[in-house]
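When reading the values below, keep in mind they use all heavy atoms of this one structure, side chains included, and skip hydrogens, waters and symmetry mates. Everything numeric in this text was worked out from a predicted model, so none of it was measured. Per chain, numbering begins at 1; letters A, B, ... match sequence-line order.
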Number of protein chains: 2
Amino acid sequence: MSPKRAASGEAVPGGVWLREPGPASRAPALTRERIVAAAVGVLDAGGTEGLSMRRLADALGVHATSLYWHVAHRDDLLDLALDAVFGEVALPAAPAQSWRAEIGAFMGELRAALLRHPWSAALAVSRPLLGPNALAHSESVYAALARAGLAGLDLRAAAAAVSTYVIGSAAAEAAWRNQGAAAARSAVNDHLRRNADRYPTLAAHAVTGEEDWEAHFARGADAFLAGLATPRPAGPATR
Amino acid sequence: MSPKRAASGEAVPGGVWLREPGPASRAPALTRERIVAAAVGVLDAGGTEGLSMRRLADALGVHATSLYWHVAHRDDLLDLALDAVFGEVALPAAPAQSWRAEIGAFMGELRAALLRHPWSAALAVSRPLLGPNALAHSESVYAALARAGLAGLDLRAAAAAVSTYVIGSAAAEAAWRNQGAAAARSAVNDHLRRNADRYPTLAAHAVTGEEDWEAHFARGADAFLAGLATPRPAGPATR
DNA sequence: ACCTGAACACCGTTCAAGT
DNA sequence: ACCTGAACACCGTTCAAGT
């Protein structure tokens with residue numbers, strides 16, 4: 001695990017400073033951590049499409065093919081970068097608060113992390129979340145819901161729904177923000193108003209000005225948590 | 001709007017059958033509908049990554065660059081194909097049933113359509129849904145929820161949550177099904193069991209055998225609809 | 001063990017040219 | 001109006017080679 005001993009020679013006190021840091025003393029130059037950190041940077045800058053092996057290699061001062069020593073495919077990079085985003089979300093310190101407060105807090109924090117990296121939510125819906133950070137959060141959500149008395153299919157469905165709602169909302173928000181934003185929004189409004197005969201309710205109720213995404217999200221999350229708290233009709237299918 | 005008149009010549013009764021369908025009488029060969037239908041086919045066969053302009057052109061017996069006459073970018077193709085999937089979902093015929101039944105039915109049908117085209121859900125989370133078919137469904141969801149008494153932010157949040165839940169669930173399901181399925185599943189189970197100290201609740205409650213995805217989905221949808229039906233605390237922020 | 005360099009089989013998109 | 005063909009600037013990934 002420790003890096004190889006630096007090049008040999010007589011032990012001269014203070015010699016480190018005099019010797020050229022020969023190739024043997026260079027740390028591996030590339031590590032998974034460095035690669036993943038750089039990948040997150042490239043993704044933040046250019047989105048999923050902007051992440052190419054060559055561009056990432058450039059950012060690391062290295063040839064593209066070198067990356068394949070540390071990583072099997074480009075896809076692995078995406079999975080690793082995504083789990084790094086989950087790693088930005090703190091795990092609940094004290095399990096003292098109510099399950100509802102704990103899960104509500106988790107939802108808010110996960111949303112914030114996903115929005116800090118606008119490429120991440122779209123990625124999170126499209127691949128199994130099995131990285132250590134994602135699993136750690138999954139575990140704490142399961143634990144909180146189990147404390148709430150859920151089990152079996154109810155528990156699994158509730159846990160899945162929690163992350164589905166957060167990730168899906170963040171992905172939608174990121175998708176809207178990505179594009180021209182203001183320009184796009186007014187184009188949509190125009191379109192709806194021009195076709196008010198086909199879309200009367202949309203024309204009357206859909207967005208007009210600046211969306212308050214956070215209030216929007218919180219409203220849905222509230223409704224959703226209220227639903228989870230509602231006792232299920234104890235049908236025979238409950239296992 | 002009507003296609004150009006076929007090549008001229010003396011009007012001989014029954015002559016159509018005798019004349020070669022010369023180049024002048026060929027219909028435009030490429031139309032947006034044909035292109036979109038072929039794109040859906042290519043996507044069904046090879047997923048989002050499998051859709052390239054050249055491959056699609058091949059399927060249509062045409063040169064790749066010809067597509068650019070009908071479509072501006074590859075992205076347009078994705079938007080058009082996605083809206084075609086929404087077009088497979090029937091609009092509610094009679095607005096007679098309860099809003100809850102209507103929306104529940106819509107959710108089930110949309111899920112089915114998205115799963116018939118496993119590439120579609122992941123796409124639907126990552127881009128604004130502004131195609132005519134998507135908007136038509138959006139309109140009817142808004143209308144049903146407005147009938148239920150929702151308005152303003154409540155209405156928008158509820159409508160957004162409905163599609164977020166359906167699309168997010170379908171995307172997650174498709175992602176799990178895409179990969180090795182059985183192999184992957186048992187690998188995950190092994191992984192969780194090996195790390196049961198880190199993930200005790202997951203190891204105890206997470207999937208073991210075959211998932212019943214539909215029951216899973218329905219359970220979450222029920223909880224979710226129950227939450228929507230729960231009256232909101234009439235805070236001052238309700239506009 | 002780790003990185004390079006050349007190479008292969010692809011990409012999306014443009015643009016001038018044909019009919 | 002619609003399609004072709006050549007061309008440009010990219011891709012992910014492999015593999016033999018270097019150190």
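- L51(B) comes within contact range of the sugar-phosphate backbone alone, with a heavy-atom separation under 4.0 Å but no base atom that close.
- Not a single donor-acceptor pair under 3.5 Å links the side chain of H216(A) to the backbone N or O of D212(A).
- Atom CG of L78(B) is separated from atom P of dG12(C) by 10 Å (rounded to the nearest Å).
- dA6(C) atom P lies 19 Å from atom CE of M53(A), rounded to whole Å.
- Looking at S52(A), its side chain has no donor and acceptor atom pair within 3.5 Å of the base of dG12(D).
- With hydrogens and angles left out, the side-chain atoms of H117(B) and E88(B) include a donor and acceptor closer than 3.5 Å.
- L67(B) places its CG atom 15 Å from the C1' atom of dT14(C), with the value rounded to the nearest Å.
- Following rounding to the nearest Å, R74(A) (CZ) and dT14(D) (C1') show an atom-to-atom distance of 18 Å.
- In the displayed structure, H73(A) atom NE2 is contacted under 6.0 Å by at most 12 heavy atoms of other residues, nucleotides or ligands.
- If you find the closest nucleotide of DNA chain C to Y68(B) and to G61(A), the one lying nearer the 5' end belongs to G61(A).
- A175(A) and S126(B) get closest at one heavy-atom pair: CB-O, 3.4 Å.
- Summarising the base pairing, dC15(C) is matched to dG5(D) through a Watson-Crick or G-U wobble pair whose two defining distances lie under 3.5 Å.
- Going from atom NE2 of H70(B) over to atom C1' of dG12(C) covers 17 Å, rounded to whole Å.
- When heavy atoms are screened at a 4.0 angstrom cut-off, L56(A) is found touching no nucleic acid atom at all.
- Within the structure, every side-chain polar atom (N or O) of S66(A) is placed at least 4.0 Å from both OP1 and OP2 of dC2(C).
- Using cut-offs of 30° and 60° for the angle between ring planes, the Y165(A) and F224(A) rings count as parallel.
- Rounded to an integer number of Å, the gap from H73(B) NE2 to dT14(C) P is 8 Å.
- As the counterpart of dC10(C), no nucleotide is assigned, since no Watson-Crick or G-U wobble pattern has both distances under 3.5 Å.
- Between R55(B) atom CZ and dA9(C) atom C1' there is a gap of 12 Å when expressed in whole angstrom units.
- Phosphate proximity of dT4(C) to T65(A): absent, as no side-chain N or O sits under 4.0 Å from OP1 or OP2.
- Taking atom CG of residue D58(A) and atom P of nucleotide dG5(C), one finds them 13 Å apart after rounding to whole Å.
- Between R54(A) and dA9(D), a side-chain N or O to OP1/OP2 separation shorter than 4.0 Å is absent.
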